[in-house]
Every structure is written in structure tokens, then in C-alpha cells.
There are 2 protein chains.
Amino acid sequence: MADREHLRLELTVDLAILTVRENLLHVLLIERENEPYRGDLALPGGFLRAGEDLPDAARRELSEETALDGKELHLEQIAVYGAPGRDPRGRVVSVAYLAIAPDLPLPSAGSDARAAHWAPVDKVSGTLAFDHAAILADAVERARQRLEFTTLAAAFCGQTFTISELRNVYEAVWGMPVDPRNFSRKVASSEGFVLPADGLRVPETGRPARLYRRGPAQVLSPPLMRPTAGS
Amino acid sequence: MADREHLRLELTVDLAILTVRENLLHVLLIERENEPYRGDLALPGGFLRAGEDLPDAARRELSEETALDGKELHLEQIAVYGAPGRDPRGRVVSVAYLAIAPDLPLPSAGSDARAAHWAPVDKVSGTLAFDHAAILADAVERARQRLEFTTLAAAFCGQTFTISELRNVYEAVWGMPVDPRNFSRKVASSEGFVLPADGLRVPETGRPARLYRRGPAQVLSPPLMRPTAGS
DNA sequence: ACAAAAGTGTTCAATTTACACCCATGG
DNA sequence: CCATGGGTGTAAATTGAACACTTTTGT
């Protein structure tokens, strides 16, 4: 077994960084400045380095692209994409990660010079490089599911947030309206989902809302189910 | 960019092939005949070949190890494991797949000469090569979840099966008792989960049971929830 | 006073759970 | 006729959806 005949390949880590802006789910895209797909839009990502673990590579790419402290953000592996023809440069396998960010003041303040910007997820299918449209679709579906069964929605919000803001996350990610009154009670009765914080947030019009911060719970039981489309 | 400096690595596909035998969840393990971990138990798997897609590699390994027609079996990607030190031979990244098989007459009738056998999943932790114990744990958790929300349980059964056999799958995978009477009604009222088949199956003692076969449905709505351990 | 959004209460239907009870077979 | 497991019925408890109503602010 001195000379191994099996395949050697390269591995990239690609990120689907999602946020909610103006009541719509957005994804961070970059414009590619190198071939292949030069000038096209793509998910941010890069090659794995020697000695680097996969989550570390994802956090490194995240901080390069967004100047966010990766330790604070939710980061979760989605899947591996390794079809032989997916990258014209050769055999490149991609590990896709889902990241959830609050609405950022500056989307592209990273050290990387590439133009990065937020795009609504339902406006970009078909325009992405490589198989990134499929990766994005899988990431969005994963996020939708995570909102049902975990407290991930709070990761879309800032340090403190109102119940309405949290509900806006659900409505944006699920793409459907959610009853404000039932939602409030479900969240409040979900042990450890949110904790009361000091202060109020004054909306443009109407009664000020109480502020909350993330609670310790990771899983939601019972889950917050979206109406199943299945008949 | 003529000479790329980034990491080149090798990629394996490892399989967690699960079945239910004698009311217990089992996994197919092989005894390693080469270094590293020679003589230890491990999940079956192998290196990705040139021009081969990941699911194809998983199906190839599956047929090599079990002599099962991979087209019939449920096969699903779990995750990628790529920590730098996980394989002493060098940088090897593993894509893990979950496979579900009915209880097979011969566990190791494959073309590969390695000794393969079924082992109960809760008796093998700590005895597996590489990080396969962690992979197996993730696969089992995925299977438990799939039983709640999909019709995957039927993949553990043969062509035809009784409701009791299906319930045994749930009890074995979840590791908890399920009420036979409520279970029957839930399955029967779940559109497309099972379809009636001809004939009866006579148990050792008691009334013969009707036979069913898999229905066309993939998702279960409403889901069959296991009592959450949370709270 | 009015509009708008926050938050609480209440009702009705659907679902889940627990368990009683009958059916069909072998010994 | 009895033990054993298959299968059906039903009532209580829980949960979820819909919506009326009150509270708190800015204008």
C-alpha cells in the first residue's frame, strides 16, 4: 500500500449565510472575481487548509466575508456536494454550512475585497455559480425546519428583541403569516426560549413592546409547527 | 494560480447500515484486516473513486458489504467528518451515510472477505475504530428522527409486514414501548403509509395478523411523535 | 379622540391518551 | 376453555386555531 491509487481531491467549505431584512429572508452572495464563473454570483467559501478542522474553516470564511465574530453565530453543517462535474477545475467536493446572522449594519465589511451583498433568497435561483442554487435551497429548507423544532429563530435577532421581531423571523423564513396572539403565548410558554430583558422598544406607531433575550433552551418542545402543505 | 497551495486530501464513504433483529437495533460492523486499527471493529466503507458520485460510492460499498441491491434500500447522507487527526494515515475526510435494511438472512454474504456481522448499537460504543462511534451515534439519532416524520420504518421490514412488526421497529429504534392499539390506528389513518396486502401472518401464539406493504407516502403528517424526554 | 400595535382571555374543534372490550387462533 | 396477541370503540384530557377584547403609546 505504498502507492495509493485512490482519488485525491480538493475540498471547499461554502456558506449559506442567512438573515432577515425588511421582512424577507436574504442570503449573502459574492461576485466571483476569478474563473470559473467569473462575474457570477456565488455563495462565499474557500478551500480547506492543512490542519484545519471543517467547522474552523467555516468560521474563518465567515469572518473573512462578514467581519462577524464567528463564535457568536449559529453554524451548522448542511451536506456534502461531490458530483464529479460540479466544478470545472477538477474534482472539488464542497461541504456546505448554514449560518444565521442578525440583520447586519454592513454586509461586506470583511477583509476580502470582493463585493458582497444581501439578496432575497427567492430572487436568486438560477443565477448562482456551480451548484450553489441547490445548496442554497437545501440550506433554506433546513432553516425552515430548524425554526419548527429549535430556538434558532432568536439567532436572527440582535441581543434583545421583541416578540413581534421574533415572529417576523418566522413569517419571513416560512413565507407565511403567523397569528401574533397565539405566537406570543406559545413563545412565552416555551420553557427557556426567551428570557425577559429590561426596557421597551417603541415602534413607529403603537404600544411599546417588551424586550427579550435568548434563553438557554436549544430544542422546542412542543415544536412550533407550520401548517403542512401536504394535503 | 498555476500552482495551488491548498490542501489535497482523500475522501472515504462510510456506512451505518441499520436493521432490527430480535427487537433490538443492530448495525453492520466489519473487523478491520489492515492497519490502522487492525482487528478492531469499524463501519464498512472505502475510498471514493475517480469519476464516482458520492451516492454511487455509498451504493457500491453497500453492495460489496451486504450483497444487497442498493437500489432497493434507503440511503441518506448523514454528515462529513474531517477533523485533522481522525485518521492516522493522513488527511482523510469521511462522508457518512445511513442505510436501512430489513433483517437479512445472511449479514456478510458480500464479495469482500472481511468478517461482517450485526451488533446491537448500544453495545458497541467505545469499541469502534476512528471516530466511527460518533458517526454511528449521529446515524442512530437521525434514524430515530426519521421514524417520527417519515415512513422510513417500513424500510426496516420485508416486502410485506404486519402492523406489529412495524411497531416493533419503532420500539427497537426508539428504545421505548409504543401502545399497540393507538399505533395501529395512527398508521391506518396515515394516508399512504401502508397498503393492505393479501394473506395473514400467523404468530407463534395468538390471532393471525393482516399483512401490509409499503405505501407511496414519504412524509408522515401528522408525525408520529415519541414522548419528548425534554422536561 | 383616534389609529396602531402589544398583550390577554375565551371558545370550539381536533387531537392524543388511556384503557375497556371483543376477535381469532393454538394448545 | 384458556392464554396470547390482533383489532375496534370510547371517554377524558390536552392541545391548537380563531377571534373578541383590553392596554399603551403617538398624533
Side-chain angles (χ1 to χ4, degrees), chain A residues 22-23 147-149 157 160-172 174 176-191 193-213 219-231, chain B residues 22-23 147-149 157 160-172 174 176-191 193-213 219-231:
Chain A
E22 294 154 11
N23 290 355
L147 255 58
E148 292 190 279
F149 302 108
C157 301
T160 62
F161 49 89
T162 68
I163 300 293
S164 279
E165 289 166 355
L166 191 64
R167 179 170 48 83
N168 268 332
V169 170
Y170 276 88
E171 294 186 328
W174 284 353
M176 56 176 65
V178 174
D179 186 288
R181 297 151 303 183
N182 292 336
F183 181 82
S184 300
R185 244 173 301 113
K186 275 190 182 177
V187 170
S189 66
S190 228
E191 190 81 21
F193 191 174
V194 298
L195 297 173
D198 292 332
L200 300 173
R201 180 151 302 164
V202 184
E204 297 182 11
T205 169
R207 168 178 172 176
R210 286 195 279 245
L211 285 174
Y212 294 86
R213 62 182 201 277
V219 296
L220 270 184
S221 63
L224 259 169
M225 305 259 262
R226 53 179 160 155
T228 320
S231 177
Chain B
E22 294 154 12
N23 291 355
L147 255 58
E148 292 190 279
F149 302 107
C157 301
T160 62
F161 49 88
T162 68
I163 300 293
S164 279
E165 288 167 356
L166 191 64
R167 179 171 48 82
N168 269 331
V169 170
Y170 276 89
E171 293 185 329
W174 284 354
M176 56 176 63
V178 174
D179 186 291
R181 299 153 298 186
N182 292 334
F183 182 81
S184 299
R185 245 173 301 113
K186 275 191 183 177
V187 171
S189 67
S190 229
E191 191 81 21
F193 191 175
V194 297
L195 297 174
D198 291 332
L200 300 172
R201 180 152 302 166
V202 184
E204 296 181 11
T205 169
R207 169 178 171 177
R210 287 193 279 241
L211 285 175
Y212 295 87
R213 62 181 202 277
V219 296
L220 271 185
S221 64
L224 258 169
M225 306 258 262
R226 53 181 158 154
T228 320
S231 170

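Everything numeric here is computed off the predicted structure, so don't read it as measured data. Residue numbers start from 1 in every chain, and the chains themselves are labelled A, B, ... in the order their sequence lines are given, proteins ahead of strands.
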Rounded distance in Å - [atom1] ([X]) to [atom2] ([N]):
| X | N | atom1 | atom2 | result |
| --- | --- | --- | --- | --- |
| B/Leu200 | D/dG5 | CG | C1' | 14 Å |
| B/Arg181 | C/dC23 | CZ | P | 16 Å |
| B/Met225 | D/dT15 | CE | P | 12 Å |
| A/Asn168 | C/dA6 | CG | C1' | 14 Å |
| A/Leu220 | D/dT15 | CG | P | 15 Å |
| B/Asn182 | D/dA12 | CG | P | 17 Å |
| B/Phe183 | C/dT15 | CZ | P | 19 Å |
| A/Arg201 | C/dG7 | CZ | P | 12 Å |

Heavy atoms only, 4.0 Å cut-off, all strands: where does B/Pro208 land among base, sugar-phosphate and nothing?
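Sugar-phosphate, backbone atoms only, no base.
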Would you indicate what A/Thr205 reaches in the nucleic acid, counting non-hydrogen atoms under 4.0 angstrom: base, sugar-phosphate, or nothing?
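It contacts sugar-phosphate atoms only.
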Less than 4.0 angstrom between a side-chain N/O of [X] and OP1 or OP2 of [N], yes or no?
| X | N | result |
| --- | --- | --- |
| A/Lys186 | D/dT15 | no |
| A/Arg210 | C/dG7 | yes |
| B/Arg167 | D/dG6 | yes |
| B/Ser164 | D/dG6 | yes |

Identify which nucleotide among [options] has an atom closest to any side-chain atom of [X], counting heavy atoms from C-beta outward.
| X | options | answer |
| --- | --- | --- |
| A/Pro222 | C/dT8, C/dA20, D/dG16 | D/dG16 |
| A/Ile163 | C/dT16, C/dG7, C/dT10 | C/dG7 |
| A/Arg207 | C/dC21, D/dC19, C/dA5 | C/dA5 |
| A/Ala209 | C/dA6, D/dT8, D/dC19 | C/dA6 |
| A/Arg185 | C/dT8, C/dC19, C/dG9 | C/dG9 |

Quick one: does A/Lys186's side chain get under 4.5 Å of A/Phe193's, heavy atoms only?
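Result no, sub-4.5 Å side-chain heavy-atom pair not found.
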Quick one: does B/Leu200's side chain get under 4.5 Å of B/Arg210's, heavy atoms only?
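SC-SC contact between B/Leu200 and B/Arg210 confirmed.
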N/O donor-acceptor pair under 3.5 Å between B/Glu171 side chain and B/Val178 backbone:
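Checking the backbone N and O of B/Val178 against the side chain of B/Glu171, a donor-acceptor pair under 3.5 Å is found.
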Give a yes or no on whether the backbone of B/Pro196 and the side-chain of B/Arg213 come within a donor-acceptor separation of less than 3.5 Å.
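The answer is yes, because a donor-acceptor pair under 3.5 Å joins these two groups.
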Exercise: identify the closest heavy-atom pair between A/Arg226 and A/Met176:
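Distance-wise, the nearest heavy atoms are CB-SD, 4.3 Å.
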Taking the inter-plane angle between the rings of A/Phe149 and B/Phe149 on a 0 to 90° scale, is it parallel (under 30°), tilted (30 to 60°) or perpendicular (over 60°)?
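Aromatic pair A/Phe149/B/Phe149 classed tilted.
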Would the base of C/dA18 count as contacting B/Asp179 through its side chain, where contact means a donor and an acceptor less than 3.5 Å apart?
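Per atom types, no contact qualifies.
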Judged by each residue's nearest nucleotide on DNA chain D, which is more toward the 5′ side, A/Pro223 or A/Val202?
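The 5'-side residue here is A/Pro223.
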